[in-house]
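Chain letters run A, B, ... following the sequence lines, proteins first, then strands; residues in each count from 1.
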Protein chains: 2
Amino acid sequence: MSKIHFDRLAASAIKDTPRRRAIISFFEKSTGAKDPETVWEHLKTKFRRCGLPGVYRNLEQMVNAGILVRVQREGRKRYYGLCPGCGHMHHHHIVCVKCGKIGEMPECTLFKGRTLGGFKIVDHFIQLSGICPECGK
Amino acid sequence: MSKIHFDRLAASAIKDTPRRRAIISFFEKSTGAKDPETVWEHLKTKFRRCGLPGVYRNLEQMVNAGILVRVQREGRKRYYGLCPGCGHMHHHHIVCVKCGKIGEMPECTLFKGRTLGGFKIVDHFIQLSGICPECGK
DNA sequence: AAATAAACAGAAATAATTTCTATTTAGGAG
DNA sequence: CTCCTAAATAGAAATTATTTCTGTTTATTT
């Protein structure tokens, strides 16, 4: 199993804590994006004392650190998963509509510096939904 | 003022009600995307009895009818605005980060039938953020 | 070892959204 | 025109994801 996400954690501005390692391990051992509560349910089995607000905070911090990504799925919850890419360059993700597995679209320069109908494009967000190789079998 | 959205309402599967006309008028008279509560605040000045759940329902129904679009902005609220396009073909929107004005990207065939990293693309969502002509002056 | 900062728990609050039930309204059939 | 049916709606209440707050623990630095 690749330890790339542990490495990223170690290299990041946030601390390398057992809690954060457990979050990474949980994502590595399971498949697909998870909502904060699901992550919490797992952490509670690993740590005697464990709060949901801490999970929310860690997930967001780990997104900022380039370890996780937040993706859009059906419903109004937020979902997170391991960022499969290099963690720093601009890119977008594709989420399997069945299992929530996350892939990525590297090197997106589609809209950089462009203008559309008089609007100067300053940012863009692309979320692809698809069927991952396993679910497509 | 173009009555295109009234026409769309009349042509849609949902009824042409004073409430829905008022929603369209409100969007036509103001600039940019609005959250449900803002729409409600306005409707309360027009109708003596007026409930927020009804506003939520109408906004969603009018999105399904191709009259409105739901767009992403900062924060965790949902935002709606008039769909500037033809209302039926697949397209995406650009939202001014300052005023919330909505433009559109027509004819998006970027991802149709494609595969990305083994994922078969089944849907895509693109949200552009920009500066509209007025705000850019 | 003391000082400092970050991480965290747990409770409580917030706020957006949804559900539910009953009422009103509009349109079509007779 | 009046009854009938379906859609639209209000208003209250519930739900639920998320955030805030305060105090405690843990880790790192000096």
Side-chain angles (χ1 to χ4, degrees), chain A residues 5-6 8-26 33-81 100, chain B residues 6 8-26 33-65 67-81 100:
Chain A
H5 297 101
F6 285 154
R8 258 184 230 166
L9 175 57
S12 73
I14 58 173
K15 286 187 189 171
D16 186 342
T17 68
R19 208 61 61 107
R20 289 178 183 142
R21 283 182 167 257
I23 290 174
I24 292 173
S25 293
F26 176 53
K34 304 274 185 280
D35 61 284
E37 194 160 359
T38 300
V39 175
W40 184 44
E41 293 299 336
H42 173 78
L43 288 185
K44 280 194 290 190
T45 69
K46 300 279 173 184
F47 301 90
R48 199 154 38 83
R49 309 177 78 241
C50 188
L52 187 53
V55 175
Y56 271 86
R57 189 160 13 86
N58 270 327
L59 291 173
E60 270 309 296
Q61 288 169 333
M62 291 168 79
V63 168
N64 294 336
I67 301 162
L68 303 180
V69 259
R70 183 175 163 194
V71 294
Q72 314 280 322
R73 304 201 75 192
E74 288 297 309
R76 56 178 152 143
K77 287 183 191 174
R78 44 180 63 183
Y79 288 85
Y80 297 88
Chain B
F6 285 154
R8 259 183 231 166
L9 175 57
S12 73
I14 58 174
K15 286 187 189 169
D16 185 342
T17 67
R19 208 61 61 102
R20 290 180 183 139
R21 283 181 167 257
I23 290 174
I24 291 174
S25 293
F26 176 52
K34 305 273 185 281
D35 62 285
E37 194 160 358
T38 300
V39 176
W40 183 45
E41 293 299 336
H42 173 78
L43 288 186
K44 281 194 289 189
T45 69
K46 301 279 172 184
F47 301 90
R48 198 154 38 80
R49 309 178 78 242
C50 188
L52 187 52
V55 176
Y56 272 87
R57 189 160 12 86
N58 269 327
L59 292 172
E60 270 308 296
Q61 288 169 333
M62 291 169 79
V63 168
N64 293 336
I67 301 162
L68 304 179
V69 260
R70 183 174 162 193
V71 294
Q72 313 281 322
R73 304 200 75 192
E74 288 297 311
R76 54 177 154 145
K77 286 183 191 172
R78 44 181 61 183
Y79 289 87
Y80 296 88

Across the strands shown, which category fits Arg48(A) at heavy-atom distances under 4.0 angstrom: base, sugar-phosphate, nothing? nothing
Just how far, in rounded Å, is C1' of dA8(D) from CZ of Arg20(B)? 7 Å
Would you indicate what Asp35(B) reaches in the nucleic acid, counting non-hydrogen atoms under 4.0 angstrom: base, sugar-phosphate, or nothing? nothing
dA8(D) OP1/OP2 closer than 4.0 Å to side-chain N/O of Asn58(B): no
Given atom CZ of Phe47(B) and atom C1' of dG11(D), what is their separation to the nearest angstrom? 17 Å
Rounded to 10°, the helix from dA1(C)-dT30(D) to dG30(C)-dC1(D) deviates from straight, judged by its five-pair end axes, by 30°
Please tabulate the protein-to-nucleotide N/O contacts below 3.5 Å involving nucleotides 19-21 of chain D, giving atom names and distances.
none

Heavy-atom pair of closest approach, residues Trp40(A) and Val55(A): CD1-CG2, 3.8 Å
From CG (Asp35(B)) to CZ (Arg76(B)), nearest 0.5 Å: 13.0 Å
First-last contacting nucleotides on DNA chain C - partner chain B, under 4.0 angstrom, heavy atom: dA16(C) to dT19(C)
Which value, rounded to the nearest 0.5 Å, describes the distance between Arg78(A) atom CZ and Arg73(A) atom CZ? 16.0 Å
For Gln61(B) and dA6(D), what is the distance between atoms CD and P respectively, to the nearest whole Å? 17 Å
First of Ala13(A) and Pro36(B) reached from the 5' end of DNA chain C, by closest nucleotide: Ala13(A)
Could you tell me whether Lys46(B) atom NZ has more than 12 heavy atoms of other residues or ligands within 6.0 Å of it? no
With rounding to the nearest 0.5 angstrom, report the CZ to CG distance, Arg21(A) to Asp16(A). 4.0 Å
Whole angstrom value for the distance that separates C1' of dA17(D) from CG of Leu59(A): 13 Å
Can you identify which nucleotide, out of dG11(D), dT28(D), dA8(D), has its nearest atom closest to the Arg49(B) side chain? dG11(D)
Looking at every non-hydrogen atom in both residues, tell me the closest pair between Leu52(B) and Glu37(B) and how far apart they are. CD1-CA, 4.2 Å
In this structure, how many angstroms lie between the C1' atom of dA8(D) and the NZ atom of Lys15(B), rounded? 7 Å
Name the residue from Glu60(A), Arg70(A), Lys34(A) that meets the side chain to side chain donor-acceptor pair (under 3.5 Å) definition with Tyr80(A). Glu60(A)
Side chains of Phe26(B) and Thr38(B), heavy atoms from C-beta outward: is any pair under 4.5 Å? yes
In this structure, how many angstroms lie between the C1' atom of dG11(D) and the NZ atom of Lys44(B), rounded? 12 Å
Value in whole Å for how far the P atom of dA8(D) lies from CZ of Arg21(B): 15 Å
Whole angstrom value for the distance that separates P of dT18(D) from CH2 of Trp40(A): 13 Å
How long is the gap from NE2 on His5(A) to CD1 on Ile23(A), to the nearest 0.5 Å? 13.0 Å
Does the side chain of Gln61(A) reach to within under 4.5 Å of the side chain of Asn58(A), using non-hydrogen atoms? yes
Hey, is the side chain of Thr17(A) poking within less than 4.0 Å of OP1 or OP2 on dA27(D), counting only N and O atoms? no
Using a 3.5 Å distance criterion without hydrogens, assess whether the side chain of Ser25(A) forms a donor-acceptor pair with backbone atoms of Ala22(A). no
CE of Met62(B) to CD1 of Ile24(B), rounded to nearest 0.5 Å, is 4.0 Å
